[in-house]
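Working notes, structure below.
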Amino acid sequence: MGLKRIKKQINQNNRDHYISLIALHIVIALLIHFIPFFSKIYFVGLIIYFFFRILSANISKRPKEVLIACCYIVGAEVLLRMTSGTFFYESAKYLVILYVLTGVFSNGISSKAFSYFFYLVFLIPSIFVAYINLGFDSNFRTNVAFVLSGPFCLGLSALYLYNKKIMMREVLQALKYLSLPIISMTIYLFLYNPSVKDVLRGTESNFEASGGFGPNQVATILGLGMFALVVRLFMKSPNLFLKILNALLLGLISYRGIITFSRGGIFAGIIIITVFLYFLFKKSSHRQKSRIIYSFILLGILGASVWIISSTQTEGLIDKRYANQDPLGREKEDLSTGRVDLFLDDLQGFIQNPFVGVGANGAKELRLQKGQGLKASHNEISRLLSEHGMFALFILLILIFTPLIFRLNNKKNIFFYALLGFWFLTINHSAMRIAAPAFIYALALLNVQYEKRPIRRKRIIWQR
C-alpha cells in the first residue's frame, strides 16, 4: 500500500515534468563530464530550444517564455563557462539581452520604465572616454564588453520586465528553470571532485573544489540555487516525497557551495533566504504559518547537517575560513581578501576624474599600467564611480530608488526584497562578472498576479 502511495505522489509531482527534468539534468551533467564537447552541443541546443519556445508562443504568453529562457541561461552560465561550452566569455549575457529584446519587440515596455532608458544612456559616455584614453585596438571591444555587458543586460532586462504582469505560478516555474542547470552543475562538481579532502589547500578559495573554475562565481550561482530550492521546498512541495527530494537537492547544492571556500555567494544566499522566509511567513494565513514552521525546522536540521558534513570533509578548515582564520587558527588581518584596497583604488580614480571617469574598464587598465597587476574590481559601485564619474551617481540613484518607488504601489511580489538583496549583495563582492545579478534585479520589478478564487454563489430555489 505504501509503494502505491509513493507511485501516486510521483505521478502527481511529475505533472509539471519536475522529476523528469531533474533526471534529464543529471544526465546532462554526466554527458558533459564524460564527453566534454557535449557542453558546446548543450549550449547551441539551449539557444535554439528557447528561441523556438519564445517565437512559437502567443504574443500574450511571450513574457513568460522570455522569463523562463533568461532564468535558465542565468542558471547555466557558470556551468557553461567552467566546461568551455560557450563561444564567447560573455555569451550568457548576450543571450539574455537577445531574449529580452525579442520580448521588447513582441510586447513592448511600460511607459513608466523611462528611468531605465536614461540609465542606459548614462552608460554610453564611458565608451567614448575609454576610446580616448585607451585607443582602439583588438582588445577594445573585449575590454568594454567585459564591464558593460552586465550593466546593459540589467538595463534592458529592467526596461522590459518593469511592471510586466506575470502570474505567481509562472514566477515559480521560472525559478524552477533557474534551478535545473544549477542541479547539473552540482552533479558535475561531484564528478569533477568527488572528495574535497584530496584537494584541501588551506583556507583560501578552492579552485579544484569549484570545478577548476573561479570559486567566487561558482559560490554565487550555488547560493542563488540554494534560494531557488528553498522557494521550491516551501511553496511547491505539497507532500512528503517532494519535501525529501527538494531537501536532498538543497543539501547537495549547499554542500558544494560551502566547500568552494568562497564566502560571499553563500552569505548572500543565506541572507536572501532569510528575507524571503520572513515575507512568506508574514503574508501567510494562520494555517499556512504552522506548515511553514515545520518546514523551517526541517531546513534548520538540514543546514546543521550540511555544515557538520562540510566541516568533517574539510578537516575543520571551513570553520576557520568562516571565522577568518588561517590554517593554524590565527586571525587574518584583511577580512575582505584585498577587496578593500581595490575599492579605495577605484574611489581614487573617481576623485581624480570626477566628471566623466576613467572610461569603461579604465580602472583595471590603470592598475595594470601602475604595475599593480591585472586586477578587476570586485565591487560594482566603486567601479561605476571610477569609470563613469558623475554619471555613476545618476546610475546608482536610478538603480536604488526606482524599484523602491515601484514597491510603494505594488507590494504583491513576496520575492521583491530577496531578489533586490541578491543584486546588491552580489555586486558588492563579485561585481557583475555573471548575468545573475543583472537579471535577478529585473525580476524584482515584475507585477506579480495571483489566481482569483472562484466565487461560489448559492443557488436560489424559487418556491411557489
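Being a predicted model, the structure only gives us computed values, none of them experimental.
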Fill in: Test side chain to side chain contact (heavy atoms under 4.5 Å, CB included) applied to L299 and L277, step by step
CA-CA 11 Å; L299 183 63; L277 291 177; 3.8 Å; yes
Gap separating the [atom1] atom of [X] from the [atom2] atom of [Y], nearest 0.5 angstrom:
| X | Y | atom1 | atom2 | result |
| --- | --- | --- | --- | --- |
| S179 | I253 | OG | CD1 | 7.0 Å |
| F122 | L393 | CZ | CG | 10.5 Å |
| I26 | I187 | CD1 | CD1 | 5.0 Å |
| N428 | I381 | CG | CD1 | 4.5 Å |
| L302 | L229 | CG | CG | 10.0 Å |
| R321 | I259 | CZ | CD1 | 14.0 Å |

Just by modelled atom types, is the [Y] backbone N or O under 3.5 Å from a matching donor or acceptor in the [X] side chain?
| X | Y | answer |
| --- | --- | --- |
| S311 | W307 | no |
| S290 | R287 | yes |
| Y441 | L399 | yes |
| S20 | H17 | no |
| E170 | M167 | yes |
| T426 | W423 | no |
| E77 | I434 | no |
| H25 | L21 | yes |
| S39 | P36 | no |

Report yes if the side chains of [X] and [Y] come closer than 4.5 Å at any heavy-atom pair, otherwise no.
| X | Y | value |
| --- | --- | --- |
| F281 | F234 | no |
| M168 | Q449 | no |
| F422 | F227 | no |
| F43 | L95 | yes |
| N216 | S205 | no |
| Y72 | L46 | yes |
| I414 | M235 | yes |
| I28 | L31 | no |

Discussion item. Assess the residue pair L79 and Y42 against the criterion (side chain to side chain contact (heavy atoms under 4.5 Å, CB included)); give the C-alpha distance rounded to whole Å, side-chain angles, the decisive distance to 0.1 Å, and a yes or no.
Written reply: CA-CA 11 Å; L79 172 63; Y42 173 50; 4.2 Å; yes
Response to the item:
Sorted by chain and residue number, the salt bridge (charged side-chain N to carboxylate O under 4.0 Å, His left out) partners of E90 (sequence neighbours excluded) come out as R81, K93
Would one find more than 12 heavy atoms of other residues, nucleotides or ligands at under 6.0 Å from atom [atom1] of [X]?
| X | atom1 | answer |
| --- | --- | --- |
| Y450 | OH | yes |
| F51 | CZ | yes |
| Y89 | OH | yes |
| F424 | CZ | no |

Worksheet entry | Pair listing, salt bridge (Lys or Arg N to Asp or Glu O under 4.0 Å) test, anchored in residues 216-228, at least two apart | none
Item to complete: Not counting sequence neighbours, list each pair that qualifies as a salt bridge (Lys or Arg N to Asp or Glu O under 4.0 Å) and has a residue in residues 114-126.
Response: none
Worksheet item: Is the distance between the ring centroids of Y99 and Y160 under 6.0 Å?
Response: no
Worksheet item: What about the rings of F118 and F394, do their centers lie closer together than 6.0 Å?
Response: no
Worksheet item: In terms of the angle between their ring planes, are Y417 and F279 parallel, tilted or perpendicular, with boundaries placed at 30° and 60°?
Response: parallel
Discussion item. Over 60° means perpendicular and under 30° means parallel, so tell me whether Y116 and Y119 are parallel, tilted or perpendicular.
Written reply: perpendicular
Minimum heavy-atom distance between [X] and [Y], given as atom pair plus value:
| X | Y | answer |
| --- | --- | --- |
| C153 | V96 | SG-CG1, 3.6 Å |
| S126 | L148 | OG-CD1, 3.9 Å |
| A174 | C71 | O-CB, 3.4 Å |
| C70 | F439 | CB-CZ, 3.3 Å |

Does anything in [range] form a side-chain hydrogen bond (donor to acceptor under 3.5 Å, both in side chains)? List the pairs, not counting sequence neighbours.
| range | answer |
| --- | --- |
| residues 249-262 | N193-R256 |
| residues 218-227 | none |
| residues 273-286 | S285-Q288 |

Residues in side-chain hydrogen bond (donor to acceptor under 3.5 Å, both in side chains) contact with [X], at least two apart in sequence or another chain:
| X | value |
| --- | --- |
| T314 | none |
| N206 | none |
| H33 | none |

Practice prompt. Just jot down the ring pair (Phe, Tyr, Trp, His ring centres under 6.0 Å) partners of F415, sequence neighbours excluded, or say none.
Written response: F276
Considering only distance and modelled atom types, tabulate donor-acceptor pairs under 3.5 Å from the side chains of residues 243-251, sequence neighbours left out.
residue: K243; atom: NZ; partner: S237; partner atom: O; Å: 2.6
residue: N246; atom: OD1; partner: Y18; partner atom: OH; Å: 2.4
residue: N246; atom: ND2; partner: S237; partner atom: OG; Å: 2.8
residue: N246; atom: ND2; partner: L242; partner atom: O; Å: 3.2

Fill in: Residue pair L224, V74: steps toward the side chain to side chain contact (heavy atoms under 4.5 Å, CB included) verdict
CA-CA 10 Å; L224 182 59; V74 164; 4.3 Å; yes
Ignoring hydrogens and angles, write down the donor-acceptor pairs under 3.5 Å from the side chains of residues 60-68, residues two or more places apart or on other chains.
residue: R62; atom: NE; partner: I54; partner atom: O; Å: 3.1
residue: R62; atom: NE; partner: A57; partner atom: O; Å: 3.3
residue: R62; atom: NH1; partner: S106; partner atom: OG; Å: 2.8
residue: R62; atom: NH2; partner: L55; partner atom: O; Å: 2.9
residue: E65; atom: OE1; partner: R53; partner atom: NE; Å: 2.7
residue: E65; atom: OE1; partner: R53; partner atom: NH2; Å: 3.0
residue: E65; atom: OE2; partner: R53; partner atom: NH2; Å: 3.4

Practice prompt. Carefully, step by step, assess I427 and M432 under the rule side chain to side chain contact (heavy atoms under 4.5 Å, CB included).
Written response: CA-CA 6 Å; I427 66 169; M432 296 186 75; 3.9 Å; yes
